[in-house]
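As structure tokens, the structure follows; a few thoughts come after it.
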Amino acid sequence: MSDAGEVSYADIEAAAERIAGVVHRTPVMTSRRLDQHAGAQIFLKCENLQRAGAFKIRGAYNTLAQLTEQQRRAGVVAFSSGNHAQAVALAASALGIPATIVMPYDSPASKLAATKEYGAEVVNYDRYTEDRTAIATALAEERGLTLVPPFDHVGVIAGQGTVAKELIEDVGGLDAVLTPLGGGGLLAGTALSVRALAPDAKLYGVEPEAGDDGAQSFRAGRIVSIPAPKTIADGAQTTSLGTHTFPIIRSLVDDVLTASDAELASAMRLLAGTLKLVVEPTGALGLAAALRLAQEDLAGARIGVVLSGGNVDLDRYAALLTSG
Ligand SMILES: *Cc1c(COP(=O)(O)O)cnc(C)c1O
């Protein structure tokens, strides 16, 4: 087995064919003002402009499209308070597969509504007293549903790898690539694409400072778990990397960095001001760290940055932009 183990770049090429025509090939945006501010050439892969507002539709659709006829008829189940829920609901509706999504009662009303609009059945639970994994697993068993995990799954990793494939195809060689890091589906997929298409590029995952389990795991050489971190980056409040994502990250990524909530708010402001891009806090992790690296080793470099999502409640967005 290669160091990438059970997922390879060929799986990402196959995923790219499966998702074509359903998932947007998002633009790569640049800005002279941003480059001047950063002191480097920044290429922004705009998954905030993706369908359902984040890259997660890529992994969800790639996974659902590979289910058997029988699995499709029975349906799928996912648990998430965030972008994975909407991605599975949308992918399922595109493929005519029934979807059940397990979401906390106190999820933002906009997210509950969006998930229902895609035609999914929403099962609510109390995030303080109930265990969502247990609820989803029970539903899967009772109803014969297939559980679609948010990051720790080979089909999900391969789907997420199409982001960096498109980025490098569109802009050519890069000195460095940075992506946000939660459970590691995006970073693991990105790593496989970067090592295939731009092998010399430095590759970094970026997680919230308050939740640096990825950095700890990367250094320790084993998966380290932490309590749910308190951060504005709600898409990266994961407590550990996965058993599929960790080995890929460990062997192919150069380092795992962190960004503070203040740096995220500042990067969000910069994106709104220079490119009129609305990016959620988690989506700004890569840029926040890129701005720091551009002041150090990567001055003047060509840096690819994945803006992973743009789903943020507008009142909260306005408050974050004026918080700094
Ligand atoms: C899920 C998510 C992430 C983290 O992705 P992982 O594959 O869990 O590492 C980052 N940004 C956004 C916007 C997300 O929705």
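The analysis underlying the following values was restricted to heavy atoms, covering all of them including side chains, and did not include hydrogens, waters or symmetry mates. Counting starts at 1 for both ligands and their atoms, in listed order.
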Problem - Leu186: which of Val306, Ile157, Leu181, Val156 passes side-chain contact (heavy atoms from CB on, under 4.5 Å) - result: Val306
Problem - Numbering as shown, the atoms of ligand 1 that approach Gly182 to under 4.0 Å (heavy-atom distance) - result: 4 (C), 6 (P), 8 (O), 9 (O)
Completion exercise
shortest atom 8 (O) of ligand 1-to-protein heavy-atom contact is with Gly183 N, 2.8 Å
Handout entry: Check: Gln237 and Thr231 side chains under 4.5 Å, non-hydrogen atoms
Key = yes
Problem - Asn83: numbered ligand 1 atoms lying under 4.0 Å from its heavy atoms - result: 13 (C), 14 (C), 15 (O)
Practice task
For Gln71 and Leu145, indicate whether the former's side chain and the latter's backbone hold a donor-acceptor pair under 3.5 Å.
Solution key: no
Practice task
Would you check the N or O atoms of Thr282, main chain and side chain alike, for any that come under 3.5 Å of an N or O of ligand 1?
Solution key: no
Problem - Presence of salt bridge, Arg292 and Glu263, under 4.0 angstrom - result: yes
Problem - Residue pair Glu47 / Leu307, side-chain heavy-atom distance below 4.5 Å - result: no
Exercise for the section: Check ligand 1 against Glu280 and write out every atom of the ligand that is under 4.0 Å from a heavy-atom position of the residue. Expected result: 13 (C)
Practice task
State whether Arg195 and Asp254 are salt-bridged, where the test is any N-O pair (Lys NZ or Arg NE/NH1/NH2 against Asp/Glu carboxylate O) under 4.0 Å.
Solution key: yes
Practice task
Can you sort out which atoms of ligand 1 are near Gly309, meaning under 4.0 Å from one of its heavy atoms?
Solution key: 13 (C)
Completion exercise
Closest non-hydrogen atoms of Ser80 and Ala85, given as atom of the first, atom of the second and distance, are OG-N, 3.3 Å
Practice task
Applying side chain to side chain donor-acceptor pair (under 3.5 Å) between Arg18 and each of Thr63, Asn62, Thr162, report the one that passes.
Solution key: Asn62
Exercise for the section: Flag Leu187 as yes when one of its N or O atoms lies below 3.5 Å from any N or O atom of ligand 1, and as no otherwise. Expected result: no
Problem - Subset of ligand 1 atoms that lie under 4.0 Å from at least one heavy atom of Phe55 - result: 1 (C), 2 (C), 3 (C), 5 (O), 10 (C), 11 (N), 12 (C), 14 (C)
Practice task
Would you mind checking if Glu280 and Arg316 are paired as a salt bridge, meaning a charged N to carboxylate O distance below 4.0 Å?
Solution key: no
Problem - Nearest neighbour in protein (non-hydrogen) for atom 12 (C) of ligand 1 - result: Ser308 OG, 3.4 Å
Exercise for the section: Please verify whether a non-hydrogen atom of Gly184 lies at under 4.0 Å from ligand 1. Expected result: yes
Completion exercise
Among His84, Gln237, Glu47, Lys56, closest by heavy atom to atom 1 (C) of ligand 1 is Lys56
Practice task
Please determine if Ala54 has a nitrogen or oxygen closer than 3.5 Å to a nitrogen or oxygen of ligand 1.
Solution key: no
Exercise for the section: Please could you name the atoms of ligand 1 that Gly235 approaches to less than 4.0 Å, counting only its heavy atoms? Expected result: 1 (C), 2 (C), 3 (C), 4 (C)
Exercise for the section: Mark up the atoms of ligand 1 that fall under 4.0 Å of a heavy atom belonging to Gly185, in ascending order. Expected result: 6 (P), 7 (O), 9 (O)
